There are 4 protein chains.
Amino acid sequence: MPRTSEQLEKIKEQTRMKILESALELFALKGFHGSSMQEIAKKAGVSKGLAYNYFNSKEEILKEILNDAKKAGGLIMTQVFEEEDNFKQVQLLIEATFEHIAAGETYWRMFSSLMLQPNVVESFDFVDEFGTNLVELTTKMFKRMGIKNAKTEALLLDASIDGIILHYLFFKDKYPLQRVKKELIKKYSKEELLKKTDQ
Amino acid sequence: MPRTSEQLEKIKEQTRMKILESALELFALKGFHGSSMQEIAKKAGVSKGLAYNYFNSKEEILKEILNDAKKAGGLIMTQVFEEEDNFKQVQLLIEATFEHIAAGETYWRMFSSLMLQPNVVESFDFVDEFGTNLVELTTKMFKRMGIKNAKTEALLLDASIDGIILHYLFFKDKYPLQRVKKELIKKYSKEELLKKTDQ
Amino acid sequence: MPRTSEQLEKIKEQTRMKILESALELFALKGFHGSSMQEIAKKAGVSKGLAYNYFNSKEEILKEILNDAKKAGGLIMTQVFEEEDNFKQVQLLIEATFEHIAAGETYWRMFSSLMLQPNVVESFDFVDEFGTNLVELTTKMFKRMGIKNAKTEALLLDASIDGIILHYLFFKDKYPLQRVKKELIKKYSKEELLKKTDQ
Amino acid sequence: MPRTSEQLEKIKEQTRMKILESALELFALKGFHGSSMQEIAKKAGVSKGLAYNYFNSKEEILKEILNDAKKAGGLIMTQVFEEEDNFKQVQLLIEATFEHIAAGETYWRMFSSLMLQPNVVESFDFVDEFGTNLVELTTKMFKRMGIKNAKTEALLLDASIDGIILHYLFFKDKYPLQRVKKELIKKYSKEELLKKTDQ
DNA sequence: AATGAATGAGAATTCATTCAT
DNA sequence: TATGAATGAATTCTCATTCAT
């Protein structure tokens with residue numbers, strides 16, 4: 001009789017996640033081509049062969065990582081934009097983004113590298129799918145607040161956020177993330193934002 | 001013979017540069033491990049063997065790229081900090097950085113990836129060498145101006161600059177670099193900066 | 001319980017045949033090493049594990065195919081040589097062979113390939129076991145008819161038969177098997193054969 | 001300075017041929033999938049890596065073998081059909097074919113297997129390209145002679161030739177190739193052929 | 001009896017590097 | 001100085017076979 005237990009499904013999902021996590025970590029630190037399936041499997045505690053039972057190729061592992069993350073990423077933005085008060089929304093956006101990054105630091109490391117090196121894997125197209133969304137949402141937010149030059153302000157805010165994250169990823173513990181975050185939040189407080197409106 | 005040997009030197013230097021440039025471009029787009037010596041040599045229009053006459057290994061090519069760039073990088077900062085007027089210095093810093101990046105876009109692409117993926121090449125340590133400098137200089141500048149919380153302000157400015165660059169590298173032609181740059185300069189104009197001083 | 005176990009035997013035999021047939025088809029079209037147990041099991045509608053319950057190895061599957069076929073092959077020749085009239089026997093031989101091949105086309109495809117590539121599987125020795133038989137039987141037949149040079153004539157007839165089959169296997173529907181067969185039968189009619197006797 | 005000597009070209013061609021010959025021999029005896037690049041390279045006395053300098057893949061080696069052979073095959077038929085006397089032409093055809101096969105026995109072994117197992121390598125299409133030619137030419141020859149049913153007679157002759165070759169490849173030294181060949185030639189002598197004409 | 005997860009050896013292919021010329 | 005033939009280790013991926021359930 002075949003193994004029917006629901007446990008089996010659970011174990012399979014666990015193994016799958018183990019492989020994905022190991023791959024992510026290695027991709028993040030050594031790059032896609034710098035990480036071998038051997039290493040990935042070993043780190044995940046499985047055999048090379050088994051890794052190929054779960055994924056058809058190294059590239060597919062990368063795609064799955066990006067897929068899984070996209071799902072997770074969508075949720076956060078939804079939460080932020082549920083907040084009704086525009087000014088609180090800005091605060092929330094900043095807070096949530098930093099929390100999100102702290103939680104998925106490894107992912108952002110890998111993702112940023114891939115965005116920077118568009119040809120690491122032929123025929124992957126993140127750029128258009130991603131990123132533009134956030135700017136658009138921030139712009140709308142600023143427009144509702146009556147801020148002049150909303151688009152540019154949005155670009156600047158988003159760039160600042162990503163710049164801080166970048167520096168954090170560069171310098172890790174040496175970077176005073178909390179302090180800079182607070183400063184940013186202060187800069188985008190209701191009081192400061194109102195100064196940018198038409199009156 | 002001096003004439004001949006002089007020309008020879010020139011040609012040698014040209015070949016060296018050709019190899020470095022080809023490598024840089026490939027490293028930037030496909031990553032270090034994603035680019036082969038074959039490709040590098042071909043792109044440079046030389047044979048694999050000749051490339052090895054100029055550099056002992058692929059890793060050495062990378063090191064040379066980083067070295068050459070460090071030299072160039074130093075110069076710019078010197079120019080900026082020769083300016084006596086502190087407020088003009090800020091403007092200059094922003095302007096110069098963006099110009100610098102535009103000129104060496106490929107380099108920054110590669111460099112950022114390497115900073116993000118610290119284990120791409122074992123035993124490379126950029127992080128400490130680089131980056132901290134700029135923040136320190138900016139902090140000093142802000143202190144001289146009497147700005148409160150100079151260090152944090154410096155971190156924020158540098159993060160914003162790098163964030164903008166990052167977005168530019170991500171989105172290239174779709175990114176309104178000039179517009180954002182102008183906005184940033186405005187935000188750090190004498191007028192705005194004075195508001196941040198103790199009075 | 002006898003009823004149940006009887007049915008069980010039937011099912012077992014059916015599964016066994018399903019696996020053998022699937023393997024045969026794949027071996028015939030893609031070769032022994034070009035066909036995987038995975039494929040064989042899938043085509044047979046069973047799991048890899050079950051296939052290994054029936055056969056100890058891929059090689060054993062091949063051996064079983066050859067075994068089963070040898071049994072079937074023996075029968076035909078027996079029928080042919082039961083015919084008492086020598087001249088009718090020739091006709092029967094030709095007819096039966098072609099029918100046999102048409103029925104087991106896939107098998108012949110695989111078998112011929114194996115004969116041609118004697119090292120596909122180490123330590124298999126078909127050649128001697130097979131083939132010589134038919135020639136010997138045909139030779140005897142011709143001798144009984146009083147045909148001069150019976151052995152050579154036998155070799156030629158058998159070669160012609162196998163050549164036709166070969167071409168049929170090569171060209172399939174494009175090959176006018178029936179027409180060629182009829183011509184061959186005519187060439188080996190009583191009338192023609194008598195011309196080859198000593199008188 | 002690069003190696004310019006014509007010798008280099010010679011050596012390259014020799015190495016290329018060495019690899020092709022080794023591959024052919026292995027493909028013939030063990031099949032395409034049964035022969036590894038490792039083995040091929042070793043047999044050719046070169047490293048695996050070098051074999052890949054000469055050919056992009058194992059499949060390409062096979063294609064080159066077939067290509068080279070097609071060129072050689074064309075020549076023979078040309079010679080045969082240069083003969084003006086139709087009856088001599090038949091004799092020549094038989095003689096030439098057997099000589100050709102004896103010379104390239106290994107090749108025919110491999111080629112026949114590939115024809116029999118059409119899916120060994122996806123997307124190869126020998127069948128249509130090859131084989132039909134010979135039949136057409138033989139048919140024309142017979143028509144010029146005024147032989148009734150020329151097409152069928154041609155098919156039969158060609159099948160007989162290929163059948164003899166097949167048996168020779170099966171049984172090698174045990175097969176009395178010369179004797180059977182002579183008998184075939186006798187069967188297609190001018191005298192016998194004339195009996196098949198309308199008069 | 002039946003499944004398919006798991007393994008590990010081995011296959012195809014790539015690539016940094018060396019070397020004869 | 002310049003070439004690219006040559007190597008061998010490492011890499012991606014496959015597959016026969018085993019095994020827990």
Side-chain angles (χ1 to χ4, degrees), chain A residues 1-5 7-9 11-12 15-16 33-41 45-61, chain B residues 8 11-12 15 32-42 45-61, chain C residues 8 11-12 15 32-42 45-61, chain D residues 1-5 7-9 11-12 15-16 33-41 45-61:
Chain A
M1 244 137 289
R3 314 194 212 179
T4 40
S5 62
Q7 286 189 332
L8 197 67
E9 277 308 302
I11 288 175
K12 268 184 71 173
T15 306
R16 199 190 109 96
H33 291 295
S35 318
S36 75
M37 283 297 278
Q38 186 81 263
E39 283 175 296
I40 294 170
V46 300
S47 68
K48 233 188 321 170
L50 188 57
Y52 276 96
N53 272 10
Y54 282 85
F55 305 96
N56 292 315
S57 66
K58 200 168 83 166
E59 226 176 281
E60 201 184 280
I61 293 182
Chain B
L8 223 65
I11 289 175
K12 272 180 67 172
T15 306
F32 178 75
H33 291 294
S35 318
S36 73
M37 283 297 280
Q38 183 81 266
E39 282 174 296
I40 294 169
K42 190 176 179 185
V46 301
S47 70
K48 247 185 307 175
L50 189 55
Y52 274 93
N53 278 1
Y54 282 85
F55 306 95
N56 291 315
S57 67
K58 200 168 82 165
E59 230 177 277
E60 199 183 280
I61 293 182
Chain C
L8 223 65
I11 288 175
K12 271 180 70 173
T15 305
F32 179 75
H33 291 294
S35 317
S36 74
M37 282 297 280
Q38 184 80 266
E39 283 175 296
I40 294 168
K42 190 177 180 184
V46 302
S47 69
K48 246 185 308 175
L50 189 56
Y52 274 93
N53 277 2
Y54 283 85
F55 306 95
N56 292 314
S57 67
K58 200 168 82 164
E59 231 177 275
E60 200 183 280
I61 294 182
Chain D
M1 244 136 289
R3 316 193 212 180
T4 39
S5 61
Q7 287 188 330
L8 198 67
E9 278 308 303
I11 288 174
K12 270 184 69 172
T15 306
R16 199 189 109 96
H33 291 294
S35 318
S36 74
M37 282 297 278
Q38 185 80 264
E39 284 174 295
I40 294 170
V46 301
S47 68
K48 236 187 318 171
L50 188 57
Y52 276 96
N53 272 8
Y54 283 85
F55 305 96
N56 292 316
S57 66
K58 201 167 83 165
E59 228 177 281
E60 200 184 281
I61 294 183

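Given the structure is predicted, the values throughout are model-derived calculations rather than measurements. Residue numbering restarts at 1 for every chain, and letters A, B, ... go by the order of the sequence lines.
Note that NZ of D/K58 is 8.0 Å distant from OH of D/Y52, once rounded to the nearest 0.5 Å. The CZ atom of A/R16 sits 10.0 Å away from atom CD1 of A/I61, with the distance rounded to the nearest 0.5 Å. A/K48 NZ to A/L50 CG: the interatomic distance, rounded to the nearest 0.5 Å, is 13.0 Å.
Between the CZ atom of A/R16 and the P atom of E/dG4 there is a distance of 19 Å, rounded to whole Å. One can place CD1 of C/I61 at 10 Å from P of F/dA16, the figure rounded to the nearest angstrom. In this structure, D/Y54 atom OH and E/dT14 atom P are separated by 17 Å, rounded to whole Å. Here E/dA11 presents its C1' atom at 11 Å from CD1 of D/I40, a figure rounded to the nearest Å. Between D/I11 atom CD1 and E/dT21 atom C1' there is a gap of 10 Å when expressed in whole angstrom units. Whole-Å rounding puts the B/E60 CD to E/dT17 P distance at 10 Å.
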Nucleotide-level pairing of DNA chain E, given in dot-bracket where Watson-Crick and G-U pairs need both distances under 3.5 Å and | marks other strands:
.||||||||||||||||||||
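The phosphate of E/dA5 (OP1 or OP2) has a side-chain N or O of A/K12 nearer than 4.0 angstrom.
Side-chain atoms of D/H33 and C/F32, non-hydrogen and from C-beta on, never get closer than 4.5 Å to each other.
Take the nearest nucleotide of DNA chain E for C/S47 and for A/S47: the residue whose nucleotide is more 5' is C/S47. Where C/A51 and A/G45 each meet DNA chain E at their nearest nucleotide, the meeting point lying more 5' is that of C/A51.
Among the atoms of the strands shown, none is found under 4.0 Å from any heavy atom of A/F55.
When all heavy atoms of D/A41 and D/A51 are compared, the pair lying nearest together is CB-CB, 4.5 Å. Taking all atoms of both residues into account, the shortest heavy-atom contact from D/E60 to D/Y54 is OE2-O, 4.3 Å.
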Using a 4.0 Å heavy-atom cut-off to protein, can you give one letter per nucleotide of nucleotides 10-15 of chain F, 5' to 3': B if the base is in contact, S if only the sugar-phosphate is, - if neither?
B-SBB-
